[in-house]
**Student:** 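Dropping the structure in here first, questions after.
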2 protein chains.
Amino acid sequence: MVTIADVARHAGVATSTVSYVLSGKRSISPETRQRVNASVDALGYRPNASARALASNRSNVLALVIPLRADMHVPVLMQFAAAVVTSARRYDHDVLLLTADEGAAGLERIQQSSLVDAVVVMDIELHDERVPLLRGLDLPSMLIGTPLDSDGLTCIDLDFVQAAELCVDHLADLGHQDVALLGTPSAVYERQTAFAHRTLEGFRSAARRRGVHGVETPCEPTHEAVLKTVQELLTQEPGLTGLVVQNEPIIGPLLEVLRRLGRRVPEDMSVLAICADDVAEGQSPRLSSVSIPADEIGGRAVDLLIGKLDGLAPAPTTLVPAVLTARASSGPAPQPDRSTTA
Amino acid sequence: MVTIADVARHAGVATSTVSYVLSGKRSISPETRQRVNASVDALGYRPNASARALASNRSNVLALVIPLRADMHVPVLMQFAAAVVTSARRYDHDVLLLTADEGAAGLERIQQSSLVDAVVVMDIELHDERVPLLRGLDLPSMLIGTPLDSDGLTCIDLDFVQAAELCVDHLADLGHQDVALLGTPSAVYERQTAFAHRTLEGFRSAARRRGVHGVETPCEPTHEAVLKTVQELLTQEPGLTGLVVQNEPIIGPLLEVLRRLGRRVPEDMSVLAICADDVAEGQSPRLSSVSIPADEIGGRAVDLLIGKLDGLAPAPTTLVPAVLTARASSGPAPQPDRSTTA
DNA sequence: TTGAAAGCGCTAACAA
DNA sequence: TTGTTAGCGCTTTCAA
């Protein structure tokens with residue numbers, strides 16, 4: 001193993017000089033810098049992470065708390081996780097993976113052992129039990145998701161309220177009077193998961209504001225559940241012409257079911273999704289959607305967290321504006337069928 | 001922060017005694033042990049990870065290299081990852097997340113900085129470019145997946161050759177003469193990903209051995225692709241009565257397509273899947289399947305890796321035996337339809 | 001602009 | 001069975 005002393009000897013300087021060249025924390029003459037850098041390269045030196053952490057009280061490691069629940073759609077979680085890792089690397093940080101089932105104990109363990117400098121927590125509930133702990137912890141933290149009481153915490157998420165509003169507005173603008181939110185599995189609502197709850201909220205208020213009739217239903221991610229849910233929806237709401245889906249795995253089955261039931265998209269039924277762009281574009285017809293910019297959110301979460309580590313005090317909650325992209329799955333509301341009533 | 005010196009003072013012993021009580025590396029009198037443990041609890045002491053790592057040359061952190069490819073089915077990856085994390089925690093280790101796109105550079109960085117004690121690598125290809133590096137690295141490593149040349153490496157995986165063989169045997173035993181392997185997306189074969197390639201191998205050899213006609217086709221994970229692939233298959237192989245699926249996301253669409261094409265499962269078409277048990281049981285009809293025991297494989301990977309860290313030399317490659325569970329989707333081959341030929 | 005040296009908190013010889 | 005102490009490799013004061 002090559003140490004900082006080896007480099008110092010090789011370059012003919014003191015170890016502190018090598019350290020300062022590497023950290024840039026004090027000015028170094030160009031010649032010295034060059035000589036040191038050359039030695040670093042020649043010897044293939046890389047600082048020992050533990051020694052550095054011990055001396056500087058900074059591990060350059062971020063913890064990522066990721067849920068492993070059966071009801072969560074894993075690919076979306078992984079997109080966030082990947083964004084966090086990629087972004088952390090840009091700040092020369094690594095990411096330690098914590099599963100949410102270790103819970104509060106895991107966070108305390110991590111903090112007390114000084115294993116990580118900060119923590120990113122995903123899958124936040126409105127009344128998340130980890131929130132008080134996080135508030136007390138003296139580790140900087142970043143929540144991806146917004147609890148009801150975010151006092152003293154830093155949160156970031158897509159503005160799901162607005163996401164739902166954009167969907168309802170889009171449908172209302174197209175003349176739809178009767179719309180439904182086809183949501184996440186019911187367990188997600190029961191836990192009061194923030195993103196699902198905020199979406200519901202936005203859906204309801206927008207429907208009220210626009211004077212359209214809106215109903216909501218959860219849906220489990222199986223083909224049978226989709227079929228049953230859609231059939232029930234159509235029975236209870238015969239005039240339904242607009243659907244907002246927030247449930248990635250059922251998107252395929254949903255389109256299939258509509259086809260089978262003879263509802264053309266968008267002629268008979270407009271479908272809007274809240275999902276990743278590539279998922280929306282992979283369907284046929286291509287889905288009008290509000291995208292979930294996991295890369296951006298995960299990336300900014302890390303940016304803000306690193307900022308906190310550097311002493312900045314970021315705004316408590318960042319809501320990333322929702323953007324709706326109209327594609328092929330939404331169109332004007334069909335004329336009410338008068339042939340049977342006339 | 002409470003240090004080992006605080007504990008030592010509180011208990012009236014030397015710091016080394018505290019250290020030894022905690023590590024169990026030398027015998028301690030019951031009274032001393034008790035006194036030290038009481039002080040540890042009283043003060044809420046937890047060893048500083050960096051100091052421990054620096055002094056002992058062990059970080060108690062494992063790296064997990066996880067692929068983030070579009071063609072991989074993420075939920076399965078996460079099952080492995082979760083198993084690795086859970087299992088690592090049992091050995092008091094944590095898990096550092098590395099994305100595969102950092103590649104060889106990431107592994108070298110991790111090693112040279114002594115950030116981790118060992119590494120678990122997933123998503124192995126037959127000619128994986130990381131294999132030579134891993135061989136040269138002086139970090140213990142564990143591959144989940146089996147490259148062609150695994151000399152000097154430790155690998156573990158489901159016995160996918162046997163998995164395919166079990167499927168073909170099961171179908172052949174039921175009288176099927178004409179079977180197909182509906183595989184992963186073509187990119188997975190093109191990369192020569194080990195699990196897909198091994199399955200193909202087993203499928204071919206078993207078909208040959210049993211004298212049944214076997215064809216193989218990749219399949220992209222979209223509803224359209226499934227429909228097209230199945231139609232082509234049925235056109236080219238009109239006598240097809242058995243299907244082996246190794247492609248989790250298309251299982252739902254596949255059953256749907258078969259239904260739509262008027263093929264009853266299992267009366268007209270037997271379907272076997274190589275997938276997680278809960279996925280197989282979540283379908284209707286419940287699928288006969290060879291399960292992918294991600295928990296077991298991930299767990300044993302860590303067991304073996306910890307063993308290596310403790311100086312044990314494990315067998316180079318562990319193939320977890322495949323187990324086929326017959327459920328409702330496989331049955332006797334239908335009698336050839338003679339009504340049109342007679 | 002640079003160097004010397006005191007720790008950071010722990011482990012593991014070495015001693016008793 | 002326990003204590004003393006020399007490091008582990010780095011950062012950062014303090015001094016020049």
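To find a chain, count down the sequence lines: A is the first, B the second, and so on, and within it residues start at 1.
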**Student:** Could you tell me whether E125(B) and R130(B) make a salt bridge, using a distance below 4.0 angstrom between a side-chain N and a carboxylate O?
**Tutor:**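 A salt bridge is absent here (no side-chain N lies under 4.0 Å from a carboxylate O).
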**Student:** With rounding to the nearest 0.5 angstrom, report the CG to CG distance, L137(B) to L134(B).
**Tutor:**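 Answer for the CG-CG pair, L137(B) versus L134(B), is 6.0 Å.
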**Student:** On a plain distance test, is the side chain of R9(A) in donor-acceptor contact with the base of dG3(C) below 3.5 Å?
**Tutor:**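 Side chain to base: no pair below 3.5 Å.
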**Student:** Note down the inter-axis angle between the two ends of the helix from dT1(C)-dA16(D) to dA16(C)-dT1(D), five pairs each, to the nearest 10°.
**Tutor:**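 Result, rounded to 10 degrees: 30°.
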**Student:** What about S16(B), does its side chain sit under 3.5 Å from the base of dT4(D) through a donor-acceptor pair?
**Tutor:**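 Answer yes: a donor N or O sits under 3.5 Å from an acceptor.
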**Student:** Please give me the minimum heavy-atom distance between E296(B) and V320(B), naming the atom from each residue.
**Tutor:**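 Taking every non-hydrogen atom into account, OE2-CG1, 3.7 Å.
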**Student:** Rounding to an integer number of Å, can you tell me how far L115(A) CG sits from dC10(C) C1'?
**Tutor:**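 So the CG-C1' distance, L115(A) to dC10(C), works out to 14 Å.
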**Student:** Can you list everything that forms a side chain to side chain contact (heavy atoms under 4.5 Å, CB included) with D117(B)? Sequence neighbours excluded, please.
**Tutor:**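 R58(B), S59(B), N60(B), H93(B), L309(B).
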**Student:** Measure the distance from OH on Y20(A) to C1' on dT11(D) and round it to the nearest whole Å.
**Tutor:**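 About 7 Å, once rounded to whole Å.
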**Student:** Would E108(B) and R46(A) pass as an ion pair if we require N to O under 4.0 Å?
**Tutor:**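 No.
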**Student:** Over how many whole Å does the gap from N57(B) atom CG to dA6(D) atom C1' extend?
**Tutor:**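 It is 16 Å, rounded to the nearest whole Å.
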**Student:** Could you tell me the separation between the CZ atom of R58(A) and the C1' atom of dG9(C), rounded to a whole number of Å?
**Tutor:**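 Interatomic distance, CZ of R58(A) to C1' of dG9(C): 19 Å.
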**Student:** Take the protein atom CG of L22(A) and the nucleotide atom C1' of dT11(D), then report the distance between them rounded to whole Å.
**Tutor:**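 In whole Å, dT11(D) C1' and L22(A) CG are 12 Å from each other.
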**Student:** For nucleotides 7-10 of chain D, tabulate all protein N/O to nucleotide N/O atom pairs closer than 3.5 Å, reporting atom names and distance.
**Tutor:**
residue, atom, partner, partner atom, Å
dC8(D), O2, A55(B), N, 3.3
dG9(D), N2, A51(A), O, 3.4
dC10(D), OP1, Y45(A), OH, 2.5
dC10(D), OP1, N48(A), N, 3.1
dC10(D), OP2, I4(A), N, 2.4
dC10(D), O5', Y45(A), OH, 3.4

**Student:** Look at all strands and tell whether S29(A) reaches a base, only sugar-phosphate, or nothing, counting heavy atoms closer than 4.0 Å.
**Tutor:**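 Sugar-phosphate contact only - S29(A) comes under 4.0 Å of backbone atoms but never of a base.
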**Student:** When you check the phosphate oxygens OP1 and OP2 of dT1(D), does a side-chain N or O of S27(B) lie under 4.0 Å from one of them?
**Tutor:**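 Looking at the OP1 and OP2 atoms of dT1(D), one of them is under 4.0 Å from a side-chain N or O of S27(B).
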**Student:** Counting distance alone, no hydrogens or angles: does the base of dT2(D) have a donor or acceptor under 3.5 Å from a partner atom on the side chain of R26(B)?
**Tutor:**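 Looking at the base of dT2(D), it does pair with a donor or acceptor on the side chain of R26(B) (distance under 3.5 Å).
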**Student:** Without decimals, in angstroms, what is the distance between L43(B) CG and dG9(C) C1'?
**Tutor:**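 The distance from CG of L43(B) to C1' of dG9(C) comes to 15 Å, rounded to the nearest Å.
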**Student:** Looking at D149(B) and R135(B), is any side-chain nitrogen of the basic one under 4.0 Å from a carboxylate oxygen of the acidic one?
**Tutor:**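 Looking at D149(B) together with R135(B), the answer is yes, because their closest N to O distance falls below 4.0 Å.
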**Student:** Please identify which of these residues, V84(A), L97(A), D123(A), meets the side chain to side chain contact (heavy atoms under 4.5 Å, CB included) condition with I66(A).
**Tutor:**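 One option only clears the test, and that one is L97(A).
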**Student:** Considering just the side-chain nitrogens and oxygens of K25(B), establish if one lies under 4.0 Å of OP1 or OP2 belonging to dA12(C).
**Tutor:**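 Looking at the OP1 and OP2 atoms of dA12(C), one of them is under 4.0 Å from a side-chain N or O of K25(B).
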**Student:** Any carboxylate oxygen within less than 4.0 angstrom of a Lys/Arg side-chain nitrogen, looking at D303(B) and R90(B)?
**Tutor:**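 No, no charged N to carboxylate O under 4.0 Å.
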**Student:** Is it true that D71(B) and R191(B) make a salt bridge, defined as a side-chain N closer than 4.0 Å to a carboxylate O?
**Tutor:**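 R191(B) and D71(B): salt-bridged.
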